[in-house]
Amino acid sequence: SSEISDGNAHNHDDMPILLAGSAGGAIVPGRHVEFAGAPSVGQLFVSMLNALDVDINAFGDATGPLAGL
């Protein structure tokens with residue numbers, strides 16, 4: 001991942017993120033997933049922590065996980 005998608009403009013749009021592994025079966029690997037709208041990368045972090053049985057629902061500006069991860 002990169003913290004920004006465009007180094008010159010410092011945009012946070014269309015950030016490519018590679019997530020490897022399955023977190024013990026909690027995440028389905030081998031997919032290319034695009035999320036509509038403008039989800040926060042914090043939602044990805046919440047989803048990853050939830051997949052590892054960490055009971056958290058907020059991270060930075062995120063107030064929940066990514067639906068469909």
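Residue numbers count from 1 along this sequence. Because the structure is a prediction, the values reported are computed rather than measured.
- Taking each heavy atom of G68 and R31 in turn, the nearest pair found is O-NH1, 3.5 Å.
- Heavy atoms only, all atoms of each residue included: S22 and P29 are closest at CB-CD, 4.1 Å.
- Here side chain to side chain donor-acceptor pair (under 3.5 Å) pairs that include residues 53-69, with residues two or more places apart or in two chains, are S40-D61.
- For residues 16-38, no residue pair satisfies the ring pair (Phe, Tyr, Trp, His ring centres under 6.0 Å) rule, not counting sequence neighbours.
- For L19, the side chain to side chain contact (heavy atoms under 4.5 Å, CB included) partners at least two apart in sequence or on another chain are I27, L44, M48, L69.
- Among all heavy-atom pairs drawn from I17 and V41, the shortest one is CD1-CG2, 3.7 Å.
- Under the 4.5 Å side-chain heavy-atom criterion for Ile, Leu, Val, Met, Phe, Trp and Tyr, V46 and V28 are members of distinct hydrophobic clusters.
- Here the CG-OG distance, from L52 to S47, works out to 11.0 Å after rounding to the nearest 0.5 Å.
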